[in-house]
Amino acid sequence: MTSTTRVEREPSVRAVGSSFPRVDAVAKIDGSADYVGDLEFAGMLHGKVLRSDIGHGRIREIDTETAERMPGVVAILTGKDLGDIDPYFGHAIRDRPIVAIDTVRFVGEPVAAVAAETEAQAEAALLAISVEYTDLPIVANLDSALASDAALVHDGPIRPGFAHGLGSLPERDGNVCYRYGFDRGDIDDAASQADIIIEEDYEFPAVYQFSMETHAVIAHHDGGEINMWANCQHPFLVRAEIAALFGFPVDRVRIVVPFLGGGFGSKSYTKMEPIAVALSRKAGRAVRIVNRVDESMVTTRRHNMKCRMRTMATSEGKLLGRKVELWLDTGAYADNGPRVTATAADAAAGPYRWPSVDVQAHCVYTNTGPAGSYRAFGATHLQWIGESQIDEVARQANIDRLEFRRRNLLRPGEEVRPGGRPLDADLIGDVEKAAAAIGWGRERIANRGLGFSVGLLAAGAHPVSTAAVRMDADGGVIVLVGSTEMGQGTRTVMAQIAAEVLVMDPAGVTVHGTDTRFTPYDRSTGASRSTTVAGRAVELAAREVLDSLLETAASFFGGIDPDELEASNGQIWYRDESAGYAELIAERFGFVGGELRGHGEVKPHNGGGSYAEGPVFWEVCIAGAEIEVDRDTGIVRVLQTSSVADVGRAINPQLIERQDEGGALQGIGNALFEEMIHTEDGVLLNDTLLDYRIPTTDDLPEKMTCIIVENEDGPGPFGAKGCGEGVLAALPAAIVNALADAGVPMAELPLTPERVWRQIQKIEQRELERRP
Amino acid sequence: MVRMDTVINGTRFDREVEPNVLLFDFLRDELGLTGTNRSCDVQVCGSCTVLVDGLPVSSCTFLAYEADGSVVETIEGIRDSDFYKRAESAFVSHAAVQCGFCTPGFVMTLKSIVEDGGGADEAQLRRSLSGNLCRCTGYRSILDAAAEIVGEQ
Ligand code: FES
Ligand code: FES
């Protein structure tokens with residue numbers, strides 16, 4: 001007991017709930033943070049991809065001879081090089097070849113790739129490769145792909161991917177690669193009783209996620225091992241897929257993930273990794289591929305969609321039923337389309353009590369670039385539609401739209417989806433806050449409208465995460481956790497969670513990026529799951545370290561009961577005596593070194609982890625907006641927004657607000673002007689930032705309010721649950737509803753001036769005709 | 001090959017370069033200055049912003065030899081300046097950085113605003129920064145940090 005310190009005991013400083021500054025801020029501000037494109041290795045080659053310039057065709061011949069002789073060229077990859085492996089990948093449907101084999105299915109599909117000493121040499125060689133095609137009929141949009149005599153984008157049977165998590169996949173039906181639906185109650189009965197029937201066809205555009213950093217990967221296949229540095233959100237899933245593709249055991253595939261320059265879903269699942277590995281395999285050296293923006297736009301995008309929805313209610317506003325059919329355009333390869341389709345279907349009914357509901361969703365192949373995940377997918381697709389119909393029901397029943405929600409929204413504990421997790425949030429309380437923030441109930445102002453929207457997003461994906469916490473001999477802590485830092489602040493939050501458990505300053509905790517060789521398994525970074533699921537694993541791992549400290553302290557203080565000990569500010573206290581963590585580790589090992597180690601593991605309770613039992617939590621999607629419309633030009637301006645981050649417990653309030661602000665601006669872009677435009681031949685017309693506009697400082701509303709709600713009702717550490725996606729589903733819907741409130745209901749996004757102006761003309765024309 | 005006699009971050013480089021080499025590639029490939037990032041390639045996003053004789057330029061569309069006779073500054077070259085210290089602390093305290101890909105570009109543009117006399121109000125800041133895109137933050141926090149940096153002079 002000689003080395004105990006006697007000091008005045010200070011109150012414990014808690015890490016959770018404080019806006020601790022981001023641990024990675026300085027490196028990102030001063031430019032020292034490394035992204036994949038910043039990394040270079042001795043002997044590394046540069047890869048460039050030759051992409052198809054037609055939308056659908058058979059490859060007759062690829063002539064690489066001239067290109068092979070060009071200066072600096074080391075290897076040229078084509079489909080012919082893949083005869084020794086099963087070269088198809090896709091976590092949902094295994095439909096995508098590493099490079100085109102015999103057939104190309106979209107403009108931009110990789111046909112060949114060159115590895116050369118410099119980027120310029122690789123680019124020059126691309127120009128010297130000639131490809132001859134036989135054209136096949138192109139189905140570049142939903143209408144042509146769903147026509148009865150449509151050409152097929154794929155003709156083989158569906159091969160399930162290794163991680164689709166959707167039960168048994170149905171057979172392909174024409175170009176429909178996946179179907180998901182459910183019905184309950186009697187929808188025909190609802191129709192016969194209804195006084196109010198709202199029915200409409202809707203169109204929702206493809207958009208590009210546009211993380212500022214494009215897809216980038218460095219791969220080295222040396223025959224015995226595959227090493228990669230990749231900007232992927234889900235390194236462990238990519239590792240498994242690469243291992244399967246190239247016939248390696250998982251432990252001989254390694255992925256290192258530096259900082260990501262944004263993700264938003266665009267870097268989820270496997271993207272450019274297979275082609276980089278295959279090219280490296282052929283070249284026998286490391287190869288780096290960094291996409292241009294136009295290449296990343298044909299690597300992934302959001303699904304465009306057509307939807308027909310009918311909502312039925314009595315004249316008093318009692319909801320009777322909802323029938324929804326939707327078709328999502330997943331492009332030439334499924335990517336995450338089946339999951340997006342299922343999530344969209346789950347969002348279709350909205351969080352209301354329905355006597356009957358019938359939802360049928362279809363995921364459709366077309367000859368366009370593959371569509372995958374984008375922040376709040378599924379919910380963004382459906383919430384603006386469902387909520388505009390709810391507003392219309394309220395209007396026709398003459399009930400205030402907020403009051404209508406009070407009467408009809410689900411309450412905590414009620415069933416959202418048969419067999420799934422019941423509602424775990426106070427939606428009515430949340431929506432009242434969002435509406436109050438935009439001045440609900442105030443007097444009407446000409447050409448202005450108020451709107452809000454409410455929805456739920458099945459969040460958390462599969463709850464499988466592990467983490468390790470190591471405390472070094474000096475008391476410093478390293479957290480090993482596989483969640484990817486892509487801007488959201490996960491490294492900061494993980495440091496705070498570990499520091500909270502260990503009752504120490506988060507500045508003493510270090511969190512690095514993933515290296516699959518050392519970092520414990522984490523399923524993925526997406527679906528707002530990191531804080532909730534991976535964060536729980538970190539919490540459990542930190543508790544094990546704390547337990548070791550307490551155990552050592554108990555003997556240190558003379559064999560007392562550990563329950564009498566308390567951790568505070570990096571010390572273990574026994575009455576008025578304390579010992580620092582470093583001291584205790586020295587005591588435990590009787591040496592100047594050693595370390596304490598904790599392991600944390602999160603898995604579904606029943607071990608099954610199927611999607612149907614989920615979700616891990618329901619992410620609340622609630623926002624409000626005030627807009628102004630110029631009736632002469634059709635220009636819509638968003639004057640103010642509100643959003644609710646129903647987070648259970650705010651680990652870092654400032655980071656939550658920042659997530660919501662970023663999501664809100666994406667929502668404004670999505671609602672007002674973002675849209676990828678394809679020709680009938682499947683050519684993407686606006687494939688640069690000159691033509692594809694994203695929000696700038698000019699688009700920022702005057703006022704944005706983010707309301708953080710903490711009911712400690714989440715399944716994550718300290719009652720937390722994830723956030724950051726909901727606003728992207730909720731705000732476009734709130735904007736659509738606000739515009740309808742100003743007299744211009746819309747059934748097609750984005751709300752471009754031309755579209756809005758045409759709608760205004762149509763409405764005015766109709767009113768003229770109605771006058772006697 | 002053309003001559004490029006340029007002071008970059010305080011060091012003089014007298015080189016022969018291919019006439020089609022971009023300043024962006026020269027900075028990264030020849031000098032290893034990877035703090036400047038590339039996104040759009042078409043002079044829209046501003047993530048590649050560096051200062052040439054104090055003015056912000058998009059290095060993705062600026063030929064290296066065009067900097068002949070000029071002074072070029074990148075994020076790496078200003079880290080020790082008082083301006084940078086102020087900018088860093090404002091960006092940290094407002095949490096105006098998320099993925100960080102756009103951040104050095106914003107800092108460089110802000111430096112030129114400050115050197116131009118600063119004193120910009122919110123409307124002017126919005127205008128001056130509208131050539132820098134950020135997909136993560138939604139700009140609010142960046143504008144708040146910018147107001148602090150510009151106002152603090
Ligand atoms: S990369 Fe230069 S402005 Fe976008
Ligand atoms: S912080 Fe990610 S683009 Fe600005």
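Numbered from 1 within each chain, the chains take letters A, B, ... in sequence-line order.
- The contact between A:M486 and chain B is made entirely by backbone atoms, counting heavy-atom distances below 4.5 Å.
- Contact of the A:F264 side chain with the B:C136 side chain is registered, since non-hydrogen atoms from C-beta on lie closer than 4.5 Å.
- Counting heavy-atom pairs closer than 4.5 Å to chain A, the top-ranked of the candidates B:G100, B:C99, B:C134, B:G138 is B:C99.
- Comparing A:E657, A:E674, A:Q488 by heavy-atom pairs within less than 4.5 Å of chain B, the highest count is held by A:E674.
- Taking all atoms of both residues into account, the shortest heavy-atom contact from B:E88 to A:I29 is O-CD1, 3.9 Å.
- In this structure, chain B has heavy atoms under 4.5 Å from both the backbone and the side chain of A:E213.
- Taking a cutoff of 4.0 Å between a charged side-chain nitrogen and a carboxylate oxygen, A:D38 and B:R28 qualify as a salt bridge.
- Of the listed residues A:V290, A:T214, A:L260, the one with more heavy-atom pairs under 4.5 angstrom with chain B than any other is A:L260.
- Looking at A:Y35, only its side chain comes within 4.5 Å of chain B, counting heavy atoms on both sides.
- Around the CZ atom of B:R79, the shell of radius 6.0 Å holds more than 12 heavy atoms that belong to other residues, nucleotides or ligands.
- Contacts with chain B were tallied for A:L689, A:V293, A:D30; A:D30 has the most, counting heavy-atom pairs under 4.5 Å.
- Interface residue B:Y84: only side-chain heavy atoms are found under 4.5 Å from chain A.
- Without hydrogens or angle criteria, A:K28 side chain to B:T103 main chain gives no donor-acceptor distance under 3.5 Å.
- Annotation for B:P104 and A:G31: closest pair CG-CA, 4.0 Å, computed over non-hydrogen atoms.
- Between A:H46 atom NE2 and B:D29 atom CG the span is 7.0 Å, to the nearest 0.5 Å.
- Looking at B:L133, the atoms closer than 4.5 Å to chain A (heavy atoms on both sides) sit in the backbone and in the side chain alike.
- Contact annotation for A:R658: both backbone and side-chain heavy atoms come within less than 4.5 Å of a heavy atom of chain B.
- Among A:L665, A:T697, A:D699, A:D660, the residue with the largest count of heavy-atom pairs under 4.5 Å with chain B is A:T697.
- Rounding to the nearest 0.5 angstrom, the gap separating the OG1 atom in B:T34 from the CD atom in A:E40 is 9.5 Å.
- Within the 3.5 Å criterion, the main-chain N or O of B:S93 finds a donor-acceptor partner in the side chain of A:Q654.
- Residue A:L700 touches chain B through both its backbone and its side chain, counting heavy-atom pairs closer than 4.5 Å.
- Ion pair A:E661/B:R135 not flagged as a salt bridge, since none of the NZ, NE, NH1 or NH2 atoms sits closer than 4.0 Å to an Asp/Glu carboxylate oxygen.
- The residue among B:L33, B:V107, B:N37 with the most heavy atom pairs within less than 4.5 Å of chain A is B:N37.
- Remark: side-chain polar atoms of B:Y139 are not paired, donor with acceptor, to backbone N or O of A:D698 under 3.5 angstrom.
- Between B:R126 and A:P701, the closest heavy-atom pair is NH2-O, 3.6 Å.
- Only the backbone of A:Q209 comes within contact range of chain B, with at least one heavy atom under 4.5 Å from a heavy atom of that chain.
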